[in-house]
Amino acid sequence: MCGIVGYIGKQKAAPILLAGLAKLEYRGYDSAGIAIMENGNIEVQKDKGRVSNLCEIKEIENLQGSIGIAHTRWATHGEPSKTNAHPHTDSKEDFAVVHNGIIENYVELRKELEGNDYNFKSETDTEVIPNLIHYFYSKDSKNDELKLVRAVKQATDKLIGSFAIEVLSKENPDIMVVVRKDSPLVIGKGYNENYIASDIPAILSYTKDFYLLENLEFAMLSRDSIRFFDKDLKEFNKKSDTITWNAMAADKNGYEDYMLKEIYEQPTAIRETIGTRVNEGTCKFDELNFTKEYLLGLNQIYIVACGTAMHVGLAVKSTIERLSKIHTEVDIASEFRYRKPLVDEKTLCIFITQSGETADTIAALKLCKEKGAKTLAVTNVIGSSITREADFSIYTHAGPEIAVASTKAYTSQITLLVLLAMYFAQILGTMEKQELENIIKEMLVLPNKLEEVLKISEQIKEIAKQMYKEKDVFYLGRGIDYATAQEASLKVKEISYIHSESYAAGELKHGTIALIEKGINVIGIMTDPNLVKKTVSNIEEIITRGAITTVVINEKIAQMLDTSIFTNVVKVPETEEFLSPIITVVPLQLLAYYISKEKGLDVDKPRNLAKSVTVE
Ligand code: F6R
């Protein structure tokens, strides 16, 4: 996690770096710091807390330098404190480094360096890096233009773990060196200036031309040049990519919080994700060259992901099975990778990840590749780490998702996977043409239906007012609605800190119903006419025990029930069964949002969390 930014150009670096950090704060927000090359000296300023604290440091205003690096931290080694904040310097203060990732062997390296008269100030793993660079730099008798990049390479050769690093050097005041391994880093190309960041949105307002640094590639930047070197320091030319996201997409754009903006962007995100993938009643995935023979030969599909992305797997598992008739399993990446999964060359492994950077998901993908399976990444970020590992990548087009709690990525991912299930069914001939056309027709009007759902936000605000002081809340559903219950429960937990549980409605009476007492809030999701009677009888059992009930239902279900038994009834438009999780989750995202607002919490940056989990 952690976010890093860098600037080398002709403008004052500090304001650019601080603005970049503010945009990256979702990656970590327990301390922040900046280092500027100032008249041949490296000036470091840092503090505990948010980027706004850093901005208040008076000395930063006086920094005139036009080269600098900056960092916002999510603590792994060492508590959040000013001393542990980045940038870190070597003990002679000749080099400054910011780092995103984890150095697993830092204890041994630190001991070795201490034996060579290097002193340490912080408890971080990072501090070994500037000291190692100093060590190798001072040992190198060759004083050529590549001396710094050589020292950085020798230092990184010693590191076990993951890193994205930016390095400033007092002796080389007009250059900066960067390198990455298993942590993201992009370089933005400007005119007589260059930018560095962990994620594209941080520097999107300055440039649209980016270099996506691969593992163990080094870059040496000056104001008007970027030189690339491979892991053996052989120089090579790299092609830049042009990003089509606009800068507004990475701003709040008038909304109070990114999360609210992203909830409201869902109709557009889904429209964009469908894009041109449907054409005259068929689904197109030209980038996948799957044949009928290959799909028929599959023993199963494995969907592997973390958190909300894993809930997408749960929401589409039965859709894939029912449409394509291929057995489908869903697993949590951090569990999957350690339990010797039954995966072989006849398995198709699908990895869902908004960021494309989640360490456990990437490790699970590597494991499946080793076992000979084909791997398919479903991500929102073009050029992200997972896309460089996977055999195939398909993209949601949700635009940058900044709020820590995922919303538009979730609904876009379900949309893309339902399209994928239909594509499999098309190839295999497991679906009637008419059925396929019906789902596509319904999918195309889905964005309009979502716009309808977003109009009920006032009702949801009122329910949030009733609920925000609660300590516990339960979510229930059956079938596809159970997946929505799980996602809704995670949303309320992570941004409003209310303890919440989700249950398959039929499971309640096997234990959990013992927790139901007078006044407890239970939320039921019911969209399947075949299951509704059963779920209602489960809800009646808890109403009898004094629970306050809120149900999310569609028009058809409303006609089948006496809704007067529920405390709150949230009605959403009816849609195709496979698409219903895309609609039903939206009022529940809003509910979590408004509860968090009622509690006065920071919706976009919930405590202890960060957007990209690049550590295991
Ligand atoms: C919850 C949330 C997380 C992520 C999870 C995986 O709102 O956002 O649970 O879904 O950390 O992240 P990605 O999709 O980037 O792999």
Side-chain angles (χ1 to χ4, degrees), residues 182 215 283 285-396 409-410 412-428 430 483 612-614 616:
D182 297 335
N215 267 350
C283 300
F285 281 86
D286 293 341
E287 62 275 61
L288 309 177
N289 53 2
F290 294 163
T291 59
K292 185 168 181 177
E293 197 189 2
Y294 167 69
L295 290 177
L296 276 176
L298 289 178
N299 52 15
Q300 63 180 335
I301 290 176
Y302 239 119
I303 299 182
V304 184
C306 300
T308 289
M310 194 277 294
H311 293 157
V312 172
L314 300 177
V316 301
K317 170 185 155 71
S318 66
T319 306
I320 297 178
E321 289 190 334
R322 281 167 56 190
L323 299 187
S324 70
K325 312 283 182 257
I326 307 172
H327 174 74
T328 304
E329 287 290 331
V330 180
D331 209 346
I332 300 167
S334 55
E335 290 293 316
F336 172 86
R337 55 183 290 207
Y338 294 115
R339 67 173 176 73
K340 302 191 172 64
L342 290 177
V343 166
D344 58 27
E345 59 287 348
K346 288 190 174 154
T347 316
L348 171 63
C349 299
I350 302 179
F351 301 87
I352 309 173
T353 165
Q354 186 283 130
S355 62
E357 302 295 344
T358 301
D360 281 316
T361 310
I362 294 174
L365 183 146
K366 288 181 181 161
L367 176 74
C368 293
K369 262 176 105 172
E370 276 164 26
K371 287 173 173 279
K374 269 204 169 61
T375 56
L376 166 61
V378 177
T379 184
N380 194 36
V381 182
I382 294 170
S384 54
S385 300
I386 203 152
T387 63
R388 297 177 229 176
E389 301 286 346
D391 297 316
F392 304 95
S393 298
I394 55 174
Y395 295 94
T396 47
Y410 175 77
S412 306
Q413 284 160 352
I414 298 179
T415 306
L416 191 59
L417 280 148
V418 174
L419 283 165
L420 188 69
M422 290 194 282
Y423 165 75
F424 291 161
Q426 245 168 239
I427 297 176
L428 289 165
T430 46
S612 305
V613 187
T614 53
E616 291 170 21

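No hydrogens, no waters, no symmetry mates; every other heavy atom, side chains included, goes into these values.
Residues L428 and L296 have side chains in contact (heavy-atom distance under 4.5 Å, counting atoms from C-beta outward). Residues V343 and F336 are in side-chain contact: their nearest non-hydrogen atoms beyond the backbone lie under 4.5 Å apart. At least one side-chain heavy atom of I386 sits under 4.5 Å from a side-chain heavy atom of T361. Within the 4.5 Å cutoff, the side chain of H327 has no heavy atoms near those of the I301 side chain. Between L376 and L420 there is a side-chain heavy-atom pair separated by less than 4.5 Å. When side chains are defined from C-beta on, Y302 does not count as touching I350, because their heavy atoms never get closer than 4.5 Å. Between T379 and T396 the shortest side-chain heavy-atom distance does not fall below 4.5 Å. Between S324 and Y423 the shortest side-chain heavy-atom distance does not fall below 4.5 Å.
A side chain to side chain contact (heavy atoms under 4.5 Å, CB included) with M310 holds for exactly one of V330, V304, I352; it is V330.
Listed here is the closest heavy atom pair of F351 and A364: CE2-C, 3.7 Å. The shortest heavy-atom contact between A363 and R337 is CB-CZ, 3.3 Å. Minimum heavy-atom separation, Y395 to V381: CE2-O, 3.7 Å. Taking every heavy atom of both residues into account, Q413 and Q354 meet most closely at NE2-N, 3.5 Å. T347 approaches L342 most closely through the heavy-atom pair OG1-O, 4.4 Å. Among all heavy-atom pairs drawn from A390 and L365, the shortest one is CB-CD1, 3.8 Å.
Geometrically, K374 engages Y294 in a cation-pi contact, judged by NZ or CZ lying under 6.0 Å from the ring centre and within 45° of the ring axis.
With D360 contributing its side chain and A333 its backbone, the two residues share no donor-acceptor pair below 3.5 Å.
Few gaps surround NZ on K325; more than 12 heavy atoms of other groups in view lie less than 6.0 Å from it. Counting heavy-atom neighbours within 6.0 Å of E287 CD, excluding the residue itself, gives a total above 12.
Taking CG of L348 as the start and CD1 of I326 as the end, the distance is 7.5 Å to the nearest 0.5 Å. Distance CG/L314 to CD1/I414: 10.0 Å, rounded to 0.5 Å. From L367, atom CG reaches atom NZ of K340 across 10.0 Å, with rounding to the nearest 0.5 Å. Summarising the geometry, atom NZ belonging to K366 is positioned 9.5 Å from atom CD belonging to E370; distances are rounded to the nearest 0.5 Å. Within the model, atoms CG of L417 and CE of M422 stand 11.0 Å from one another, a figure rounded to the nearest 0.5 Å. The CZ atom of R339 sits 11.0 Å away from the OG atom of S334 when rounded to the nearest 0.5 Å.
Remark: the E357 side chain and the S385 side chain contain an N/O donor-acceptor pair separated by less than 3.5 Å.
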**OP:** Test L323 against T430 for side-chain contact (heavy atoms from CB on, under 4.5 Å), laying out the working first.
**Re:** CA-CA 7 Å; L323 299 187; T430 46; 5.7 Å; no
**OP:** In sequence, state the C-alpha distance, the side-chain angles, and the governing distance for D331 and I303, and then conclude on side-chain contact (heavy atoms from CB on, under 4.5 Å).
**Re:** CA-CA 6 Å; D331 209 346; I303 299 182; over 6 Å; no
**OP:** Check step by step if side-chain contact (heavy atoms from CB on, under 4.5 Å) holds for D344 and K371.
**Re:** CA-CA 5 Å; D344 58 27; K371 287 173 173 279; 5.8 Å; no
Original post:
Which is it for F285 and L419 under the side-chain contact (heavy atoms from CB on, under 4.5 Å) test, yes or no, and what are the steps along the way?
Top reply: CA-CA 9 Å; F285 281 86; L419 283 165; 3.9 Å; yes
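A salt bridge links E321 with K317: at least one charged nitrogen is closer than 4.0 Å to a carboxylate oxygen.
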